[in-house]
Protein chains: 2
Amino acid sequence: MSDQLFARLRDQILTGEIAAGDPLPSERDLAADYGVNRHAVREAVKRLQQCRLIEVFHGGRTRALDWRRTAGLDLVVDVPGTLDAVSVPGVVHDALEMRACIGADAARLSALRASEDQRAAIVAAAAAYAEVGEDLEELSVADVAWWRLIIEGCGNLAYLLSFNSLVDGAITMEQASPELRSAELLDLDAHRELADRIARQDAAAAEQLARELLNRSVARADG
Amino acid sequence: MSDQLFARLRDQILTGEIAAGDPLPSERDLAADYGVNRHAVREAVKRLQQCRLIEVFHGGRTRALDWRRTAGLDLVVDVPGTLDAVSVPGVVHDALEMRACIGADAARLSALRASEDQRAAIVAAAAAYAEVGEDLEELSVADVAWWRLIIEGCGNLAYLLSFNSLVDGAITMEQASPELRSAELLDLDAHRELADRIARQDAAAAEQLARELLNRSVARADG
DNA sequence: GGCAAGAGCTGGTCCAAACAGTTGACCAGT
DNA sequence: ACTGGTCAACTGTTTGGACCAGCTCTTGCC
């Protein structure tokens, strides 16, 4: 119940139907309008508040914020397609572009900082990647796990959390039509080569190849 | 009430006091233990769920997730110091490093994509920056607004939302001790030069200078 | 006209109850 | 001894109503 109300209000704010600064209906009105209990409304409102989509004033009215200035990256995490189709066109391209930016720097830093065990794990994962087969669904999962190793290797928590947001959210759309990624996913040589460059601690070369790999998805999303 | 309970449970999960897979106490028990109403507990639980720190099963027990694999970037947005001091040391360094990564690429893309108006706004902001004075608090605010213009110029929503998360969260810690940043904030020439490179649409040069500027904060956080 | 008391909104908290799904123990059969 | 179903005791979900606390605008007095 509260989930549906949350999604509905969120979309109204994201689309501008409720503009920044506008007051939301009171909790009692929302409960009456949507035929739910006020406690369900409060749960939805709390979540909107945590997304920094609204501002709540005790005694006053709850108002929509300018989400472009306040909301965080977790906004893109949701039912695949909702944001891109309904509210914010182009968010998939943006998420892929950001993944490329983060992933390339993570590859660089991983080459510099990853422990011996972590580098070995990356090499092993690249080798195991060839065993996955050609099922694109499984390849996608393996691909995400592979990048996660690289990002964990660089030891930056912010990169890791961003990756979670991007993978759980918009990028899952891409998994829904994985044929778009088949070329990238099947490029076993590139995976092995990137693992090798990280293992050799050649930061610049690792960054370059990672960027090249990830930018393919961006280009594919554009075309 | 629910905010306090949320923060408490969140810290217990982040510190590992409640490990991944462990069940949380039932809502009724939590309400009794902390002396609050069950609805307050439910609001806190809903927020934890949205942060992807827990998984809720109707009829079953609520369990903690492995937040390193599921949580999003918005986790770093909180009362300044909580995460770094209590739960996750080093998150400020990580956030600054990520800001450098994002900011540099945004500067590059801004040089490529920003409209004429946006480029003019960036140049104007760089000029106006000199008028702010030497109050470090105000300079910090102006600095954030300045980078926001660049990130808006690149037109990537994911970058913008990430910037919001980073600025609202961990980086506000830095503002608490702005003397650390004074050298960077007072570097008017670098600001003007970066604006100029974006205005000239010299993407590579803009990226390089932006990275140089932002990496100073990272280096300062390290030292 | 200016100011203060109050009514009528807003969100914040609480109690109590019924609903719905899961789990596990228990007992009747094979 | 094992299998199968039943039931009671959990879990989260939703509802209703009541009251407190803070803001705002109206009202009415000075």
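Per chain, numbering begins at 1; letters A, B, ... match sequence-line order. Quick caveat, the model's predicted, so the values are computed rather than measured.
When rounded to the nearest whole Å, the span between CZ of A:Phe57 and P of C:dG12 equals 11 Å. In this structure, the CD atom of A:Glu55 is 16 Å from the C1' atom of D:dG22, given to the nearest Å. Distance B:Lys46 NZ to D:dT13 P: 6 Å, rounded to the nearest Å. Rounded to an integer number of Å, the gap from B:Asn37 CG to D:dT14 P is 16 Å. Atom NE2 of A:His39 is separated from atom P of D:dG17 by 12 Å (rounded to the nearest Å). One can place OH of B:Tyr34 at 15 Å from P of C:dC14, the figure rounded to the nearest angstrom. Distance, B:Arg61 CZ to D:dG12 P: 8 Å, rounded to whole Å. A straight line from CE of A:Met1 to C1' of C:dC19 spans 12 Å, rounded to a whole angstrom.
Closest to the side chain of B:Arg28, from the set D:dT14, C:dG12, D:dT13, is D:dT13. Checked against C:dC14, C:dG12, D:dT14, the side chain of B:Arg42 finds its nearest nucleotide in D:dT14.
Between A:Lys46 and B:Arg47, some side-chain heavy-atom pair lies under the 4.5 Å cut-off.
Applying the 3.5 Å distance criterion, the base of C:dG12 shares a donor-acceptor pair with the side chain of A:Arg38.
Listed pair A:Thr62 / C:dT10 fails the phosphate criterion, with no side-chain N or O lying under 4.0 Å from OP1 or OP2.
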Check: protein-nucleotides 23-26 of chain D nitrogen or oxygen pairs below 3.5 Å:
none

Check: Does the salt bridge (charged side-chain N to carboxylate O under 4.0 Å, His left out) test come out yes or no for A:Arg63 and A:Glu55, once each step is laid out?
Finding: CA-CA 5 Å; A:Arg63 292 181 176 279; A:Glu55 203 171 7; over 6 Å; no
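A:Asp143 and A:His191 form a side-chain donor-acceptor contact under 3.5 Å, judged by distance and modelled atom types alone. Between the side chains of B:Thr70 and A:Asn164, no donor N or O sits under 3.5 Å from an acceptor N or O.
B:Glu27 comes within contact range of at least one nucleobase, with a heavy-atom separation under 4.0 Å. Among the protein residues, A:Ser2 comes within range of no part of the nucleic acid, since none of its heavy atoms lies under 4.0 Å from any strand.
Here B:Arg148 pairs with nothing under the salt bridge (charged side-chain N to carboxylate O under 4.0 Å, His left out) rule; sequence neighbours left out.
With values rounded to the nearest 0.5 angstrom, B:Ser26 atom OG is found 8.5 Å from B:Asp33 atom CG. The CG atom of A:Leu149 sits 14.0 Å away from atom CZ of A:Arg119, with the distance rounded to the nearest 0.5 Å.
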